[in-house]
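Below is one structure, written out as structure tokens, with a few remarks after it.
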Amino acid sequence: MKCKIFLALLVAWVYSFKAFSGMELQNVESMKKAAGICGEFYFRQGNDFAVWQNNARKSLMEKLGISQKLAAPRVPLSPRILWHRKVENGTITKIVLQSEKDYDLPIYLCLPDGKGPFPVWICVQGHGTGMHTSISVKWQDETTFKYDNGDRNFAIQCLAKGYAAVCVEQRAFGEKSCMKNRHPGCARLVSHAFMFGETMIGNRVFDIDRTIDFIYSRNDLRKDQIGIVGNSGGGTTAIYSGAILDRLTHVMPSSCFSTYKDSILAVPHCQCNYFPGMLYWGEMGDLAGLCAPKYLVIVNGKEDQTFPLAPAQSEFQRTMLIYKAAGVPDRCRMVIGNGGHRFYKADAWPVMEQFFK
């Protein structure tokens with residue numbers, strides 16, 4: 001019996017490997033077409049930063065389909081507490097918010113021991129089974145410890161440092177997936193977003209803005225120190241949120257930064273990474289530059305094949321050019337971990353904590 005199970009798993013692995021290998025072939029026509037494109041908001045030496053930022057951000061919000069949503073009156077958050085428990089270094093409360101009409105947004109509110117108000121980090125997970133990873137538990141019961149070897153237990157890290165954390169369940173992930181096994185449901189839900197003139201990136205950024213509404217509603221959380229940290233698909237949401245949402249003060253995206261052409265276009269990625277016309281808009285260095293004057297620490301893995309390091313380093317030079325034009329050249333850093341597609345807490349936090357005081 002064990003032999004048959006092993007053979008079945010081996011066959012499944014071989015077929016999946018073949019399918020993925022086929023996906024790895026680049027679309028030659030797309031790559032050639034992209035090589036000749038330089039987006040409208042590609043920042044150049046001498047650009048007026050304030051004018052560029054205003055126009056580039058406005059265009060980005062329109063392309064993400066959230067301009068009207070961000071400006072429209074908002075439904076009450078109507079928080080509902082599901083459970084509350086004491087943990088090492090603090091407490092965790094699971095709450096459901098109403099992000100928009102008929103859309104529930106699950107979060108964990110993690111408060112450290114001591115007296116607030118506390119600096120706070122919004123924690124965002126990528127493609128996996130959900131926000132439970134931020135508090136190191138299994139999604140099936142939310143009480144059983146689960147080890148993560150990629151340093152993605154962001155909220156636990158925050159509590160140990162005396163920071164509060166708000167963990168957000170991203171659309172199409174975890175409890176908001178349409179899959180029974182909690183695997184990402186992006187393929188279906190991205191298509192649904194398009195049908196309403198929206199994008200998955202845009203809707204996720206909107207949920208971050210509603211999370212900030214929640215932070216502003218509480219006296220135990222500081223409004224002048226609101227950071228966002230995320231890995232992979234969570235890092236993508238973090239950097240787009242930093243580019244658009246002014247109430248954030250610190251941005252730490254991980255495993256999500258390179259160039260559109262060398263990563264999102266050249267390497268197979270989930271549908272949720274895209275929005276229409278992104279190459280005609282600009283590049284990732286411009287996206288990161290829109291975060292100015294926020295404090296920005298970009299985290300990359302030396303061996304991350306999905307977001308190649310060499311073009312990431314080149315784009316970061318452009319981001320530094322934008323931060324210099326914004327008058328805050330010392331507010332952006334890049335951290336390079338010695339490994340692949342993951343977060344690097346030992347490398348990233350000491351750099352960010354120079355800014356987060």
Side-chain angles (χ1 to χ4, degrees), residues 87-90 92 108-114 116-126 128 131-137 145-168 208 211 215 221-222 224-239 241-242 248-257 288 291-304 307 309 312-313 316 319-320 323 328 330-357:
V87 296
E88 185 178 7
N89 298 317
I92 299 177
Y108 297 126
L109 172 62
C110 309
L111 297 176
D113 293 330
F118 304 104
V120 58
W121 283 88
I122 299 172
C123 304
V124 201
Q125 292 296 328
M131 65 176 183
H132 64 96
T133 301
S134 290
I135 62 171
S136 295
V137 297
F145 173 78
K146 182 178 180 180
Y147 175 72
D148 174 66
N149 62 357
D151 288 346
R152 288 174 283 260
N153 59 342
F154 303 124
I156 300 302
Q157 296 168 34
C158 288
L159 289 179
K161 295 176 179 295
Y163 306 147
V166 181
C167 312
V168 178
I208 298 301
T211 302
I215 291 171
L221 301 176
R222 290 177 59 171
D224 61 335
Q225 284 188 298
I226 303 176
I228 183 168
V229 56
N231 187 73
S232 190
T236 297
T237 297
I239 197 168
S241 296
L248 290 170
T249 60
H250 297 71
V251 185
M252 188 157 54
S254 169
S255 295
C256 67
F257 183 80
C291 294
K294 302 177 185 74
Y295 297 94
L296 173 68
V297 175
I298 294 175
V299 184
N300 278 76
K302 186 184 298 184
E303 300 171 7
D304 189 346
F307 291 93
L309 181 58
Q313 291 175 305
F316 185 68
T319 298
M320 289 197 297
Y323 264 70
V328 287
D330 297 326
R331 291 192 178 189
C332 65
R333 298 282 190 276
M334 172 174 270
V335 172
I336 301 173
N338 189 26
H341 191 75
R342 51 165 292 177
F343 185 61
Y344 296 88
K345 65 180 183 181
D347 300 302
W349 280 114
V351 176
M352 175 54 81
E353 287 183 306
Q354 296 175 29
F355 302 139
F356 203 75
K357 300 177 181 178

Where do [X] and [Y] come nearest, in terms of heavy atoms and distance?
| X | Y | answer |
| --- | --- | --- |
| Val299 | Ala348 | CG2-CB, 3.8 Å |
| Val168 | Thr211 | CG2-OG1, 3.5 Å |
| Leu221 | Ala164 | CD2-CB, 3.5 Å |
| Arg331 | Pro293 | NH1-O, 2.8 Å |
| Val297 | Pro253 | O-CD, 3.2 Å |
| Ile239 | Val251 | CA-CG1, 4.3 Å |

Could you list the residues that satisfy side-chain contact (heavy atoms from CB on, under 4.5 Å) with [X], not counting sequence neighbours?
| X | value |
| --- | --- |
| Asp113 | Lys86 |
| Ser134 | Cys123, Gln125, Phe154, Ala155, Cys167 |
| Thr236 | Tyr240, Cys256, Asn273 |
| Gln313 | Leu309, Met334, Ile336 |

In Å and rounded to the nearest 0.5 Å, what is the [atom1] to [atom2] distance from [X] to [Y]?
| X | Y | atom1 | atom2 | answer |
| --- | --- | --- | --- | --- |
| Glu88 | Ile156 | CD | CD1 | 8.5 Å |
| Phe257 | Asp304 | CZ | CG | 13.0 Å |
| Leu296 | Met252 | CG | CE | 10.5 Å |
| Leu111 | Phe118 | CG | CZ | 6.0 Å |
| Cys110 | Leu159 | SG | CG | 5.5 Å |
| Met320 | Asp330 | CE | CG | 11.0 Å |

Minimum side-chain heavy-atom gap Cys158-Trp349 below 4.5 Å: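 Touching, per the 4.5 Å side-chain cut-off.
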
side-chain hydrogen bond (donor to acceptor under 3.5 Å, both in side chains) partners for [X], two or more places apart:
| X | value |
| --- | --- |
| Asp224 | Arg222 |
| Thr249 | none |
| Thr133 | none |
| His132 | Thr129 |

Please answer whether the main-chain N or O of Gly242 pairs with a side-chain N or O of Lys294 as donor and acceptor at a distance below 3.5 Å.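 Present.
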
Treating Tyr344 as the side-chain partner and Gly339 as the backbone partner, does any N or O pair qualify as donor plus acceptor under 3.5 Å?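 Checking the backbone N and O of Gly339 against the side chain of Tyr344, a donor-acceptor pair under 3.5 Å is found.
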
Mind running side-chain contact (heavy atoms from CB on, under 4.5 Å) on Ile135 and Val87 for me, showing each step along the way? CA-CA 10 Å; Ile135 62 171; Val87 296; over 6 Å; no

Are Asn300 and Phe316 close enough, and set up right, to give a side-chain contact (heavy atoms from CB on, under 4.5 Å), and what steps lead you there? CA-CA 11 Å; Asn300 278 76; Phe316 185 68; over 6 Å; no

Give me each pair satisfying salt bridge (charged side-chain N to carboxylate O under 4.0 Å, His left out) with a member in residues 332-354, each pair once, sequence neighbours excluded.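 Sorted result for residues 332-354: Asp151-Arg342, Lys161-Glu353.
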
Looking at residues at least two apart in the chain, or sitting in another chain, which of them share a ring-ring contact (aromatic ring centres under 6.0 Å, His included) with Phe356?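 Partners of Phe356 under the ring-ring contact (aromatic ring centres under 6.0 Å, His included) test: Trp121, Tyr163, His250.
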
